[in-house]
There are 2 protein chains.
Amino acid sequence: MEPHEPDLTAVPVTSVLAALADDVRLQIVRALAEGGESACGSFDFGVSKATRSHHLKVLREAGLTRTRAAGTSRLVRLRRDELDKLYPGLLDAVLTQRPPA
Amino acid sequence: MEPHEPDLTAVPVTSVLAALADDVRLQIVRALAEGGESACGSFDFGVSKATRSHHLKVLREAGLTRTRAAGTSRLVRLRRDELDKLYPGLLDAVLTQRPPA
DNA sequence: ACCCTTGTTCGACAATCATCGAACAACACC
DNA sequence: GGTGTTGTTCGATGATTGTCGAACAAGGGT
């Protein structure tokens, strides 16, 4: 089963935005931006592993992440370079945690 | 009927992204960015006026646009300054039409 | 007053989506 | 080989969403 990691230029902008327009997925992206490559299991945001797997699939198919197998785990990382090149400012704008004020 | 134009800082990022993650709404935002303040009716993107009204409502309630009455029309404009201040780079990243290559 | 134009609101409907438990697959380790 | 860990996949389900036509409201003309 190929991991379905599309060319970012082939992904419609709306798909990239839709992938980011979910709270759980945004938390995953933030964790990846801070912690670098991480195992799927490290994202514990109060959803079942089935749901988490679903969200990681959405992120991957939107071109936001890459996944590689490592033993029994799977390591996920942000495609930050490509994203910053194609959508400069997008990740920065979205990643920075905003103060409640 | 108040037009429900929220303080941008009170709108969750996911709502802003979700508002932009639709093809029709993105076309509206692009048209507004290019043409400035425009009447609702000027956005003819192949949907009924009911649907168009719905999309404009989503944009307004996500804090992306402001609307004011002008005779029988309603003029809509992008809240670009506020958006650029709160999410620098977001609009630019999303607005630029990308070549199919 | 009448009509036309411009938008909004109201169901309704189909499609998509987030979520879950259970079943399955792959790998490691003993 | 068996057991445990880590993820994925498969329905199912409830919620959200995009879409429409029809009805309604507000203004501007004539």
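Protein chains get the first letters and strands the later ones, always in sequence-line order, with residue 1 at the start of each. Just so it is clear, the structure is predicted and the values come from calculations on it, not from any experiment.
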Does the side chain to side chain contact (heavy atoms under 4.5 Å, CB included) test come out yes or no for A:Ser38 and A:Val76, once each step is laid out? CA-CA 5 Å; A:Ser38 319; A:Val76 185; 6.0 Å; no
What is the distance, to the nearest angstrom, from the CG atom on A:Leu26 to the P atom on C:dA18? 12 Å
Taking A:Arg66 first and then A:Glu82, would you say they form a salt bridge - that is, a charged N and a carboxylate O separated by under 4.0 Å? yes
Check whether any side-chain N or O of B:Ser73 sits under 4.0 Å from OP1 or OP2 of C:dT5, and answer yes or no. no
Distance check needed: C:dA28 C1' versus A:Arg74 CZ, whole Å only. 16 Å
For B:Phe43 and C:dT6, give me the distance from atom CZ to atom C1', rounded to whole Å. 14 Å
State, with a plain yes or no, whether a side-chain heavy atom of B:Arg52 is found less than 4.5 Å away from one of B:Leu56. yes
Nearest-angstrom distance from the residue atom CD of B:Glu61 to P of C:dT8: 11 Å
For B:Ala39, report the nucleic acid contact type (base, sugar-phosphate, nothing); a contact means any heavy atom under 4.0 Å. sugar-phosphate
Using whole Å, what does the distance between atom C1' of nucleotide C:dA26 and atom CZ of A:Arg68 come to? 17 Å
Side-chain atoms of residues 14-24 of chain B: list all donor-acceptor pairs with protein atoms under 3.5 Å, sequence neighbours left out, distances to 0.1 Å.
| residue | atom | partner | partner atom | Å |
| --- | --- | --- | --- | --- |
| B:Asp22 | OD1 | B:Val24 | N | 2.9 |
| B:Asp22 | OD1 | B:Arg25 | N | 3.1 |

Take the protein atom NZ of A:Lys57 and the nucleotide atom P of C:dT19, then report the distance between them rounded to whole Å. 15 Å
Nearest whole angstrom, please: distance from the C1' of D:dT16 to the CG of A:Asp23. 16 Å
B:Arg60 side-chain N/O to B:Thr65 backbone N/O, donor-acceptor pair under 3.5 Å: no
Ion pair check, B:Lys49 and B:Asp44, cut-off under 4.0 Å: no
Nucleotides 18-30 of chain D: protein proximity per nucleotide (B base, S sugar-phosphate only, - neither; heavy atom, under 4.0 Å): SBBBB----SS--
